[in-house]
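Comments concern the structure below.
Throughout, protein chains are lettered first and strands after them, A, B, ... in sequence-line order, and every chain is numbered starting at 1.
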Protein chains: 2
Amino acid sequence: MKPTDIQTKLTEKGLKVTPQRMAILQAIYSLNNHPTADNIIDFIRKNHPNIATATVYKVLDALNEKGLIMKVKTDKDFMRYDAIVENHHHLYDSTSERIEDFNDEELNHMLEKYFEQKGIPNFKIEDIKLQIIGKFISNP
Amino acid sequence: MKPTDIQTKLTEKGLKVTPQRMAILQAIYSLNNHPTADNIIDFIRKNHPNIATATVYKVLDALNEKGLIMKVKTDKDFMRYDAIVENHHHLYDSTSERIEDFNDEELNHMLEKYFEQKGIPNFKIEDIKLQIIGKFISNP
DNA sequence: TTACCTGCAAATAGTTTGCAACCCT
DNA sequence: AGGGTTGCAAACTATTTGCAGGTAA
């Protein structure tokens with residue numbers, strides 16, 4: 001992701017372009033596996049040692065609010081952040097902290113059709129997210 | 001749920017039967033909508049004013065560990081507890097704190113068949129949970 | 001200019017821990 | 001009797017808040 005692209009994204013959402021916001025957004029694009037706030041802070045401080053913890057949280061909230069990133073809640077006690085904001089599912093490793101995004105249009109379509117037909121009594125569905133728990137298998 | 005049934009459940013899991021544990025388990029069965037630790041503490045203190053907060057958390061952990069209850073993580077900052085331990089999905093109200101259990105064998109079967117056939121590369125599925133977000137509609 | 005941002009330090013709040021006393025089995 | 005449990009207070013920790021000074025537009 002180029003700096004100019006990040007600038008554009010911020011501007012489009014009506015957020016002022018600051019070095020902190022640039023660095024944080026760049027960090028989330030660079031780090032994989034859904035970084036925690038701590039991961040992001042560590043990453044940024046390498047090149048930007050004076051950034052305050054509270055600033056990172058404030059920026060993350062702002063970015064989340066504007067839909068530039070997504071918060072992902074885990075079973076552990078911290079948020080993780082995802083640069084992919086399109087609706088998608090998650091694969092959770094049952095033995096490690098690894099999380100991967102999972103997209104499957106066919107699945108979405110199947111679920112949509114299923115609930116369209118069957119519905120849920122007294123409930124209007126807005127969104128369906130799958131948490132798929134299992135084990136990642138390293139290929140040989 | 002009768003006290004003797006609760007006793008049996010505790011004993012079966014190798015947990016000593018104490019008044020605190022009885023009260024906590026009874027509270028979770030009585031309270032609906034997936035109570036928080038706080039909800040449980042308030043409920044119990046009516047008849048059991050001296051129970052310590054830490055005890056409640058310790059008991060909840062023990063019950064969760066033994067599979068008598070289930071922890072449910074929400075987007076907000078606290079755990080909620082569920083007396084239903086069988087695998088099931090959750091309906092989340094997008095505007096309130098309401099959560100309901102959702103069971104659908106046909107759906108489970110459809111998902112099982114779908115992934116059995118399609119699979120996910122480098123991933124062995126162990127469990128699938130749906131978070132269905134939307135709005136509860138009060139019937140007229 | 002000025003409304004929005006940042007940094008710092010202190011606060012928050014749900015949950016956990018250490019340990020002595022207690023009490024089920 | 002004795003090991004699991006409880007109660008209390010203090011600790012923990014991720015995240016938030018208040019506010020003074022800074023900075024992007």
Side-chain angles (χ1 to χ4, degrees), chain A residues 3-4 6-25 27-28 34-42 44-45 47-66 68-81 97, chain B residues 3-4 6-25 27-28 34-45 47-66 68-69 71-81 97:
Chain A
T4 49
I6 295 179
Q7 282 178 29
T8 307
K9 280 174 185 289
L10 289 170
T11 308
E12 277 173 0
K13 298 293 182 177
L15 293 169
K16 287 188 180 165
V17 177
T18 68
Q20 291 85 345
R21 286 176 174 171
M22 296 284 289
I24 290 166
L25 208 38
I28 299 171
H34 304 68
T36 62
D38 233 40
N39 297 150
I40 295 166
I41 292 167
D42 287 350
I44 293 174
R45 290 225 169 112
N47 300 308
H48 207 296
N50 295 318
I51 195 165
T53 305
T55 300
V56 175
Y57 281 105
K58 282 172 191 165
V59 170
L60 288 171
D61 276 356
L63 297 177
N64 178 62
E65 202 71 23
K66 297 293 183 178
L68 287 174
I69 63 170
M70 237 184 171
K71 288 188 175 189
V72 183
K73 193 77 168 187
T74 66
D75 279 344
K76 299 292 190 309
D77 254 346
F78 33 76
M79 287 287 182
R80 295 172 70 164
Y81 299 88
E97 294 300 292
Chain B
T4 49
I6 295 180
Q7 282 179 27
T8 307
K9 279 173 184 289
L10 289 170
T11 308
E12 276 174 1
K13 298 292 182 178
L15 292 169
K16 284 187 182 167
V17 177
T18 68
Q20 291 85 346
R21 285 176 174 169
M22 295 285 287
I24 290 166
L25 208 38
I28 300 171
H34 303 68
T36 62
D38 234 39
N39 297 150
I40 295 166
I41 291 167
D42 286 350
F43 184 89
I44 293 175
R45 290 228 168 109
N47 301 309
H48 207 295
N50 295 319
I51 195 165
T53 306
T55 299
V56 175
Y57 280 105
K58 282 173 191 164
V59 169
L60 288 171
D61 276 357
L63 297 176
N64 179 62
E65 202 71 24
K66 297 294 183 178
L68 287 175
I69 63 170
K71 288 188 176 190
V72 183
K73 192 77 167 187
T74 66
D75 278 345
K76 300 290 190 309
D77 255 345
F78 35 76
M79 286 289 182
R80 295 172 69 164
Y81 299 86
E97 294 298 292

Which comes earlier along DNA chain C counting from the 5' end, the contact point of B/Thr36 or that of A/Leu15, where each point is its nearest nucleotide?
A/Leu15
Nearest-nucleotide wise, let me know which of B/Tyr81 and B/Pro19 is further upstream toward the 5' end of DNA chain C.
B/Tyr81
Which whole-number value in Å describes the distance from A/Asn50 CG to D/dG21 P?
19 Å
Which nucleotide wins on minimum distance to the side chain of A/Met79, given the candidates D/dA25, D/dT15, D/dT6?
D/dT15
Roughly, in whole Å, what's the span from CZ in B/Arg80 to C1' in C/dT15?
17 Å
For the pair made of CG in A/Asp38 and P in D/dT15, what is the distance, rounded to whole Å?
8 Å
Could you tell me if the side chain of A/Phe78 sits less than 4.5 Å from the side chain of A/Asp38, heavy atoms only?
no
With a cut-off of 6.0 Å (strictly less than), are more than 12 heavy atoms of other residues, nucleotides or ligands near CD of A/Glu65?
no
Side-chain heavy atoms of B/Gln20 within contact of B/His48, under 4.5 Å
yes
I want to check something: taking the side chain as every heavy atom from C-beta on, are A/Lys16 and A/Arg21 in contact at a cut-off of under 4.5 Å?
yes
Distance in angstrom units between A/Leu25 CG and C/dC5 P, rounded
14 Å
So, OP1 or OP2 of C/dC23: does either fall under 4.0 Å of a side-chain N or O from B/Gln20?
no
To the nearest angstrom, how far is A/Lys13 atom NZ from D/dA24 atom P?
23 Å
Hey, are the side chains of A/Leu15 and A/Leu63 touching, using non-hydrogen atoms and a 4.5 Å cut-off?
yes
Minimum side-chain heavy-atom gap B/Val17-B/Ile6 below 4.5 Å
no
Any protein N or O atoms within reach of nucleotides 1-4 of chain C? Criterion: under 3.5 Å, listing atom names and distances.
| residue | atom | partner | partner atom | Å |
| --- | --- | --- | --- | --- |
| C/dC4 | O4' | A/Lys16 | NZ | 3.3 |

Quick note, B/Thr55 side chain, CB onward, closest among C/dT25, D/dT6, C/dT16 is D/dT6
Whole-Å distance separating the CD1 atom of B/Ile51 from the C1' atom of D/dT5
11 Å
Nearest-angstrom distance from the residue atom CZ of A/Phe78 to C1' of D/dC12
14 Å
Give the residues of residues 57-64 of chain B touching DNA chain C, defined as any heavy atom closer than 4.0 Å, sorted by residue number.
B/Tyr57, B/Lys58, B/Asp61
Do the side chains of A/Thr11 and A/Thr8 get nearer than 4.5 Å, heavy atoms only?
no
For A/Met22 and A/Leu10: C-alpha separation, side-chain torsions, deciding distance, then whether side-chain contact (heavy atoms from CB on, under 4.5 Å) applies.
CA-CA 8 Å; A/Met22 296 284 289; A/Leu10 289 170; 4.2 Å; yes
Spacing of B/Ile41 atom CD1 relative to C/dA13 atom P, expressed in whole Å:
15 Å
Donor-acceptor contacts under 3.5 Å from residues 49-61 of chain B side chains, at least two apart:
| residue | atom | partner | partner atom | Å |
| --- | --- | --- | --- | --- |
| B/Thr53 | OG1 | B/Arg45 | NH2 | 3.3 |
| B/Asp61 | OD1 | B/Lys71 | NZ | 3.0 |

